[in-house]
Amino acid sequence: MAKVTSLNVNGKKMTVDVDSTVSLLAVLRNDLDLTGSKYGCGEGQCGACTVLLDGAATRSCITQVGRAAGKQITTIEGLEKDGKLHPLQDAFIKADAMQCAYCTSGMIMSASALLSKNPKPNREEIISGMNGNICRCGTYQRIVEAIQIASGTT
Amino acid sequence: MNEQLDLTIGIESERYELFENPGYYFNFDRRDFIKAFGLGIVFIVPAARALAQQRGQGESGRGGSNERLPNDLGAWIHIDEDGGVTVFTGKVEVGQNTRTSLTQAVADELHVPIDSVHLVMGDTDLTPFDMGTFGSRSTPTMAPQLRKAAAAAREMLIAMAAEQLKVAPGDLRIVDARFLNHDKSKTLTLAEVAKGRKLVKVIPDDIAITQPKDWTIAGASARKVEAKNFVTGKHRYTSDIKREGMLYGKVVRPATFNATLVSVDTKAAEAMPGAKVVTDGNFIGVVAADQQTVTKAANAIAVDWKSPGQPSNAELFDLLRKTGTERRGGEGPRPQGSIVDVVNPPIGGGGSRPQGSIADGLVAADKKLEQTYTVQYIAHAPLEPRAAVAEWSGDQLTVWTGSQRPFGVRSELAEAFHISEDKVRVIVPDTGSGYGGKHTGECAVEAARLAKAAGKPVKLVWTREEEFTWAYFRPAGVIDIKSGVKNDGTLTAWEFHNYNSGAAGIQIKYDIPNTDIRVHQSNSPLRQGSYRGLAATANHFARESHIDELAHAVNIDPLEFRLKNIKDERLRDVLQAAAKSFGWGKAKPASGHGFGIACGFEKGGYIATCAEIAVEPPSDKEDKSNKRVRIVRVVEAFECGAVVNPLHLKNQIEGAITMAIGGALFESIQFENGKILNPHFASYRVPRFADSPAIEVVLVDRKDIPSAGAGETPIVGLAPAVANAIFNATGLRLRSLPLIPKGLTTG
Ligand code: FES
Ligand code: FES
């Protein structure tokens with residue numbers, strides 16, 4: 001079976017030793033101890049595991065690690081720069097856009113991909129861009145507001 | 001009559017949920033505390049029950065100097081040498097932001113900034129016994145207890161500071177964690193008072209706590225404490241915990257519910273390098289060093305199960321009605337705290353003594369109405385599935401798990417492994433939500449079983465499919481209502497039978513001279529248990545739909561009809577507040593739109609909900625003959641006494657409304673012959689961004705009334721408001737939840 005031995009995660013080259021068919025989520029969480037990306041369904045339905053692959057929002061639970069090798073992988077742990085929170089992270093705190101917060105990292109990663117494609121989305125664009133992410137606590141209204149704060153569209 | 005009813009409700013919610021008596025007590029003495037905390041000052045709060053007992057025995061409860069500590073403790077607060085305040089409570093944080101509201105209460109009373117207070121929650125070795133975090137009890141019971149502790153601590157600290165500064169205690173106050181005398185010529189910090197001390201103080205019971213109108217930190221909005229840990233992904237939920245040498249576990253599940261094991265062949269799995277199989281009765285599990293291997297090994301186990309024939313959705317409501325046995329108010333047996341009872345609590349009591357005569361009431365009516373309403377089973381589907389990490393060291397067991405009952409799970413573990421409870425430690429990290437779905441400890445027991453066999457720590461995280469199948473469900477139910485009304489809108493008779501879904505929220509605030517309200521307990525084909533608001537959603541849906549039908553039968557506006565029959569001022573206030581913000585009666589709905597209203601009461605909270613819906617053509621992917629219903633706008637007014645944190649109260653209410661959309665429109669567990677047919681988010685639809693309406697929350701703040709919890713009741717108003725709005729838009733009366741699992745058939 002083909003092996004993957006290194007990954008580019010959050011700007012750093014990391015050494016791993018895993019089968020290429022293992023899910024990227026399992027490798028991030030279990031082998032690299034980057035547990036900010038969550039398991040919510042393992043079926044691409046909830047978005048809790050969202051990471052960026054070369055900037056594109058990707059469900060890491062249904063992505064084989066082999067497909068991520070050679071790409072730039074960004075996880076929630078990679079958003080903070082020099083001790084400064086990413087504007088979306090600030091905005092989620094400001095809008096209090098979380099209850100149990102289990103969905104939060106996936107939400108922020110999906111939103112960051114959305115904003116890099118479309119820096120000033122309107123409400124409809126936010127809703128359709130984020131519709132693959134589930135917040136079971138039902139904080140959607142606040143998440144929309146947080147994305148509006150971060151994109152300066154409030 | 002109302003007083004008596006309120007009493008019944010109070011007893012009932014406890015009967016249904018809070019039935020576990022503490023089976024053990026902390027046997028800490030002063031030295032243990034000093035050993036555990038080191039320097040600083042510990043303030044100990046006897047539990048509310050212990051205080052009541054002390055009072056009964058004629059003691060004052062003042063215990064500042066006695067050596068023996070009360071053996072039933074509610075909480076404790078430690079002030080360390082740096083002036084940091086740590087509060088220990090057995091409550092847990094499952095997304096309802098109890099951590100924040102309890103932090104606010106302590107900071108408010110102690111006059112220190114919020115960020116100098118840290119809560120240690122839900123750790124059976126570090127925190128006092130607590131029955132569990134459910135039933136909306138944290139705010140009404142734990143917050144006042146912690147307030148008392150903090151208020152007493154403040155007074156004792158002031159006395160100590162006064163001694164240090166050589167001023168009269170009456171001359172000192174605390175502002176922002178500093179002690180100041182009248183002209184601020186003498187000051188001390190909290191740290192300076194705590195420095196070098198080794199004190200354990202029991203707080204007196206007769207301390208006055210700050211009244212809501214004088215709150216400074218509580219009563220104002222505060223964001224989630226420690227929010228930064230969550231937006232950066234740093235917080236470790238149970239499923240994120242890693243221990244030295246930890247293995248991953250997996251359980252091989254039976255083919256159906258109630259299946260028995262006929263034979264199992266584990267050879268292929270055993271042959272896989274690194275995999276270890278554990279069988280024990282009906283239990284089959286595997287561990288391995290990585291997730292991939294454990295999944296492969298589990299799949300390689302060949303099992304033959306024998307399954308009995310079992311009911312399906314098609315027979316559900318007949319079955320519930322047929323097997324229903326009646327329980328009248330207060331007659332139900334008091335359940336014991338075993339796992340079976342937690343999951344299938346006898347519904348017990350909850351009806352009330354009949355008032356007047358239904359026959360007379362129907363004779364007096366101009367219009368009579370008889371209708372049946374149904375609700376399906378639904379799943380909690382917390383985004384973090386059940387998870388546990390178990391670690392044995394000799395015969396000592398430590399388990400991290402997301403549970404709303406850490407001490408209950410400790411009992412389950414002790415029982416399962418025949419060890420005493422003091423050998424078991426359960427730690428509940430802040431958890432990825434529960435909604436009443438995480439009361440039981442099966443995942444913890446499974447992880448501990450695997451860890452014991454493996455001789456290594458084991459992590460077990462249920463898959464989404466397991467969570468949808470092997471957890472428990474919100475009860476399904478059938479509700480029959482028979483009623484009478486006069487042409488002028490006066491209600492004359494109300495007969496209400498609830499089969500299986502339960503008693504929560506069944507009592508009425510309508511003034512009706514003849515009532516007969518009963519609860520029937522049925523044989524539930526699926527495992528059922530607590531859920532946010534319990535049966536209150538079903539009972540409100542049936543009642544508020546029926547009230548709407550009656551209003552239409554006598555041609556009276558639904559709001560006016562309600563106000564005519566409700567005397568309770570608190571309920572009238574929320575109804576009027578919601579109607580006003582919604583603009584009820586001001587404008588007609590646009591074509592294809594409809595307005596609906598509903599109101600109710602449960603667990604100390606009063607609620608009124610107005611909804612606007614729109615009937616729209618189906619999307620390309622949907623069945624052409626079925627239209628879509630979009631909830632456009634929801635206005636909900638809520639009153640639960642004094643508001644502790646307006647921001648989080650609003651957040652809870654918005655969340656409850658959003659969650660309610662699922663149960664109202666499309667959530668429904670499909671089952672057949674012991675199998676769940678839709679155990680995935682792809683087939684079990686939960687509300688998403690696109691389903692979420694514009695939500696406006698109107699808070700009615702009653703500073704003169706003690707705060708009640710708010711995590712549950714705001715969920716009950718949406719379903720009936722939406723059903724009534726659909727009727728308003730289309731003339732179709734939908735009497736089953738979910739209302740439109742496949743869209744609206746306008747036929
Ligand atoms: S865990 Fe990947 S989409 Fe749900
Ligand atoms: S905050 Fe709990 S799932 Fe989103």
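A note on names: the letters A, B, ... follow the listed sequences, proteins ahead of strands, and every chain is numbered from 1.
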Is chain A contacted by the side chain of B:Lys234, its backbone, both, or neither, given a heavy-atom distance below 4.5 Å?
-> side chain

Drop me the distance from B:Asp290's CG to A:Asn30's CG, to the nearest 0.5 angstrom.
-> 8.0 Å

So which part of A:Ile126 gets closer than 4.5 Å to some heavy atom of chain B, the side chain, the backbone, both or neither?
-> neither

Under 6.0 Å from the NZ atom of B:Lys650, do we count more than 12 heavy atoms belonging to anything else shown?
-> no

Taking every heavy atom of A:Glu80 against every heavy atom of B:Thr232, the minimum-distance pair comes out as OE1-CG2, 3.4 Å

Spacing of A:Thr139 atom OG1 and B:Glu654 atom CD [to the nearest 0.5 Å] = 9.0 Å

Chain B contact via A:Leu79 - side chain, backbone, both or neither, heavy atoms under 4.5 Å = neither

Ranked by heavy-atom pairs below 4.5 Å to chain A, first place among B:Leu383, B:Asp691, B:Ile695 goes to B:Leu383

At their closest point, which heavy atom of B:Phe230 faces which heavy atom of A:Ala101, and how far apart are they?
-> CD2-CB, 3.4 Å

Contacting moiety of B:Tyr435, where chain A heavy atoms sit under 4.5 Å | side chain

Please flag which part of B:Gln652 lies under 4.5 Å from any non-hydrogen atom of chain A: side chain, backbone, both or neither.
-> both

Under 4.5 Å to a heavy atom of chain A? For B:Asn651 that would be both

With distance as the sole test, does A:Asp96 use its side chain to make a donor-acceptor pair with the main-chain N or O of B:Arg223 at under 3.5 Å?
-> no

B:Lys242 versus chain A, heavy atoms under 4.5 Å apart: side chain, backbone, both or neither?
-> side chain

Which portion of B:Ala694 sits near chain A, non-hydrogen atoms under 4.5 angstrom | backbone

Okay, B:Thr431 and chain A: the region with an atom under 4.5 Å from a heavy atom over there is backbone

Closest heavy-atom pair and its distance - B:Ser433, A:Cys137 = CB-SG, 3.9 Å

Applying a strict 4.5 Å limit to non-hydrogen atoms, the region of A:Asp90 in contact with chain B is neither

Any donor and acceptor pair, going by atom type alone, linking the side chain of A:Tyr140 with main-chain N or O of B:Thr658 inside 3.5 Å?
-> no

For chain A, the option from B:Thr463, B:Asp430, B:Thr100, B:Asn97 that forms the most heavy-atom pairs under 4.5 Å = B:Thr463

Are the side chains of A:Lys38 and B:Asp240 in touch, meaning some heavy atoms are under 4.5 Å apart?
-> yes

To the nearest 0.5 Å, how far apart are CZ in A:Arg142 and OG in B:Ser692?
-> 11.5 Å

d(B:Gln291 CD, A:Asp31 CG) to nearest 0.5 Å is 9.5 Å

Chain B shares the most heavy-atom pairs under 4.5 Å, among A:Gly36, A:Cys135, A:Cys100, with A:Cys100

Side chain B:Lys224, main chain A:Gln99, donor-acceptor under 3.5 Å = yes

Between A:Met98 and B:Ala227, which heavy-atom pair has the shortest distance, and what is it?
-> CE-CB, 4.0 Å

Under 30°, 30 to 60°, or over 60°: which ring-plane class applies to A:Tyr102 and B:Tyr237, parallel, tilted or perpendicular?
-> perpendicular

When only pairs under 4.5 Å are counted, which of A:Ile76, A:Ile127, A:Thr104, A:Asn131 shares the most heavy-atom pairs with chain B?
-> A:Asn131

Is a salt bridge present between A:Glu43 and B:Arg464, judged by a nitrogen-to-oxygen distance below 4.0 Å?
-> no

Quick one: pull up CD1 in A:Ile143 and CZ in B:Phe689 and give me the separation to the nearest 0.5 Å.
-> 4.5 Å

Between the main-chain N or O of B:His380 and the side-chain N or O of A:Arg136, is there a donor-acceptor pair closer than 3.5 Å?
-> yes

